[in-house]
Amino acid sequence: MAGISDDGLESRRPNVVLIMCDQFRGDCLGFDGHPDVKTPYLDTLAAQGTYFENAHAACPSCIPARASLLTGTMPATNGRVGYQDGVPWRYEHMMPEEFSAAGYQTALVGKMHVHPPRLACGFQHLRLHDGYIGHYRKANLPHWMHQDVSDDYLRFLRSELGPEADVNGTGVENNSWIARPWVYEERLHPTNWVVDESIRFLETRDRTRPFFLMASFVRPHPPFDAPAAYYQPYLDRELREPAHGDWEDAEATARDGMVIDSAHGCRDATLRHEAMAGYYGCITHLDHQIGRLITALENDETYENTVVLFTADHGEMLFDHSSFRKVLPYEGSTRIPFIVRVGSKVLPDGRPRPRRSDAVVELMDVMPTLLDLVGAEVPETVEGSSLRGEITGEKNLERAYLHGEHSGSHEQSNQWILTGHDKYVWFTQTGVERYFDLNADPREEHDLAHDPAHAERVAELRAILMDELRGREEGYVENGELVVGRTPRTVLGRD
């Protein structure tokens, strides 16, 4: 650890700010060319840093994505291959622990989504808000686990509005496509609260040590409840139509599209438009609040000695291919934003220049990247790769492919192989295969799985997937073939 200077301040060791969002699509940035969404502060961050245009979540739902982020491992290694609440987190190495061991003051403000609630995972300072998670709202849950007890934002809201106030007080369901403006003062919104509490940490931190701050937002995950100033402009605007593939099941939306949280979306065009406006409004609201956090770093005169990494746990289908929410193997669900800005004082001899990277990166790469950039040791258990070379331009990441998956429902359980230019998908319970040429078809509107011209490539990617799945406890591979209908497991190693 660096020493203490004569004025009692930590000498120049880089700080780290990890900004995490929930359910933020990778294409919803002005910097990425989105025709509708306005994100000026994040665009500035990308223009000054390294923008990773091919970043994905290998298991695109909240808990498994965060397991990969905090442990630096693949889903099959950390065991989280689907969504399941109430499973204890027991990992040998987690990112906040490693920063603490390296002499950092560590803080989490916002969403953790670990079990049991308030498990610190190595964070020394916690100000928690996980949003509305039904598992922690049940009447028979141990009292200390209940959101009434464990959630700092809920306590704050009730101190402002009275004891009956709640995170779902407007009636907008937390996984639905229902949208409406925030009904209270904007300062009371959970997005503002995360930034307020993050700035408070920066002001009151131990200035004899460098800091690792994770500012973790629940939005743009539903409820789509941005303040009216952010919601209304999108509501009044014509928005780009969702992607529509020649392979999708539009009949499922006609059948299920009146269920507020249907995986098949919404069949009412007006409600779809409202949902898209609400989602985009949440993103622009987030962007402006992130701008407040960056300004606080500038005013603190620590911004240029800080590594800022912005990302998300997964995306949102947002009616692409007649689908809603996440877990699916398509770009709307798996692709995430990933921006790294390294302050000018962090790497003075190999100062990074603004650049775009087309490397295939994943959430498991966050931990080794941040530890490497500050000169801390990366545990041997980490499977992700440091992106330092990509950031400085000194060495490209050589990752031929990414294996992704999500287990759960009969219809949606899937496995996939992604490269820098194409994707192979296999649904484990139905045997449906899909193949997309992402260079020619980035919105995945044309399934080429049964096109003879691509048969050889499909077979090649299928073989890679079989190599990844061989020996897995589900029994997905037998006698050199993929086996359809094996019972999917959301958590591995729990026989």
Side-chain angles (χ1 to χ4, degrees), residues 21 23-44 46 53 170 172-173 175-183 186 189 191 219-254 256-291 312 315-326 328 330-333 335-337 440-446:
C21 292
Q23 214 149 311
F24 194 124
R25 285 173 62 112
D27 66 349
C28 280
L29 294 168
F31 193 84
D32 195 69
H34 197 283
D36 300 314
V37 184
K38 306 304 178 186
T39 52
Y41 287 101
L42 290 172
D43 295 346
T44 300
E53 59 189 26
T170 62
V172 181
E173 203 270 341
N175 273 315
S176 77
W177 33 251
I178 302 172
R180 63 162 299 172
W182 180 248
V183 300
E186 184 177 326
H189 196 282
T191 295
R219 304 299 186 273
H221 188 294
F224 298 150
D225 63 353
Y230 295 100
Y231 176 54
Q232 194 66 42
Y234 291 110
L235 190 64
D236 295 340
R237 188 181 307 162
E238 184 177 346
L239 304 174
R240 181 181 67 177
E241 274 291 304
H244 291 293
D246 54 19
W247 49 269
E248 68 186 66
D249 184 6
E251 292 183 0
T253 300
D256 301 332
M258 292 191 74
V259 178
I260 59 172
D261 59 355
S262 171
H264 299 295
C266 173
R267 72 188 197 188
D268 184 291
T270 298
L271 292 174
R272 285 199 304 272
H273 181 78
E274 290 176 359
M276 293 174 71
Y279 182 74
Y280 296 159
C282 285
I283 287 176
T284 300
H285 180 211
L286 266 166
D287 177 82
H288 289 190
Q289 289 300 306
I290 289 168
E316 160 61 61
M317 289 302 295
L318 203 63
F319 312 119
D320 280 357
H321 313 304
S322 301
S323 298
F324 188 67
R325 298 172 65 181
K326 54 268 190 181
L328 289 169
Y330 308 120
E331 294 289 277
S333 170
R335 186 171 173 239
I336 55 176
D441 180 27
R443 300 188 82 193
E444 300 171 312
E445 294 182 308
H446 306 292

Using only atom types and a distance under 3.5 Å, with no angle test, would you say the side chain of Glu316 pairs donor to acceptor with the backbone of Arg325?
yes

So which atom in Ala226 and which in Gly278 form the shortest heavy-atom distance, rounded to 0.1 Å?
CB-O, 4.5 Å

Taking every non-hydrogen atom, the tightest pair across Ser333 and Leu328
OG-O, 2.9 Å

Here the gap from Thr44 atom OG1 to Ile290 atom CD1, rounded to the nearest 0.5 Å, amounts to 12.0 Å

Looking at Lys38 and Asp43, does any basic side-chain N land under 4.0 Å from a carboxylate oxygen?
no

Using modelled atom types only, decide if a donor and an acceptor are shared between the side chain of Glu445 and the backbone of His244 within a distance under 3.5 Å.
yes

Please check this pair: side chain of His34 against backbone of Asp36, looking for a donor-acceptor N/O pair closer than 3.5 Å.
yes

Looking at Phe319, is its backbone amide N or carbonyl O close enough to the side chain of Ser323 to form a donor-acceptor pair, meaning the two atoms are under 3.5 Å apart?
no

When every non-hydrogen atom of Asp268 is compared with those of Leu271, the smallest separation belongs to OD1-N, 2.9 Å

Stepwise side chain to side chain contact (heavy atoms under 4.5 Å, CB included) test for Gln232 and Arg237
CA-CA 9 Å; Gln232 194 66 42; Arg237 188 181 307 162; over 6 Å; no

Measure from the side-chain N and O atoms of Glu444 to the backbone N and O of Glu331, and report whether any donor-acceptor pair falls under 3.5 Å.
yes

Assess the pair Tyr231 and His285: is the distance between their ring centroids shorter than 6.0 Å?
no

Using modelled atom types and a 3.5 Å cut-off, is there a donor and acceptor pairing between side-chain atoms of Trp177 and backbone atoms of Phe324?
no

Steps toward ring pair (Phe, Tyr, Trp, His ring centres under 6.0 Å) verdict (His273, Tyr234)
CA-CA 9 Å; His273 181 78; Tyr234 291 110; 9.7 Å; no

Does a donor on one side chain sit under 3.5 Å from an acceptor on the other, for Ser322 and Glu248?
yes

Give, for atom CG of Leu318 and atom CZ of Phe224, the distance between the pair rounded to the nearest 0.5 Å.
6.0 Å

For the pair Trp247 and His321, name the ring-plane relationship: parallel under 30°, tilted 30 to 60°, perpendicular over 60°.
tilted

Using side-chain contact (heavy atoms from CB on, under 4.5 Å) as the criterion, list what pairs up with Ala46, not counting sequence neighbours.
Phe31, Tyr51, Ile339

Short question: side chain of Thr253, backbone of Glu251 - any donor-acceptor pair under 3.5 Å?
no

So which heavy atom on Cys21 is nearest to which on Pro220, and how close?
CB-CD, 4.3 Å

Result for side-chain contact (heavy atoms from CB on, under 4.5 Å) between Leu29 and one of Thr39, Asp287, Ile283 points to Thr39

Ring centres of Phe24 and His221 under 6.0 Å apart?
no

Working for side chain to side chain contact (heavy atoms under 4.5 Å, CB included), residues Asp320 and Tyr330
CA-CA 9 Å; Asp320 280 357; Tyr330 308 120; over 6 Å; no

Does a donor on one side chain sit under 3.5 Å from an acceptor on the other, for Asp225 and His189?
yes

When you measure from the side chain of Arg219 to the backbone N and O of Cys282, does any donor-acceptor pair fall under 3.5 Å?
no

Is there a salt bridge (Lys or Arg N to Asp or Glu O under 4.0 Å) between Arg25 and Asp32 once you walk through the steps?
CA-CA 11 Å; Arg25 285 173 62 112; Asp32 195 69; over 6 Å; no

Any sub-3.5 Å donor-acceptor pair from Asn175's side-chain atoms to Asp261's backbone N or O?
no

Could you tell me the separation between the CG atom of Asp256 and the CE atom of Met258, rounded to the nearest 0.5 Å?
11.5 Å

From OH (Tyr280) to CG (Leu235), nearest 0.5 Å
13.5 Å

Donor-acceptor contact below 3.5 Å, side chain Asp441 vs main chain His446:
yes

Closest heavy-atom contact between Pro242 and Arg443?
C-NH2, 3.5 Å

Please find the pair of heavy atoms, one from Lys326 and one from Gly315, that lie closest to each other, and give the distance.
CB-O, 3.9 Å

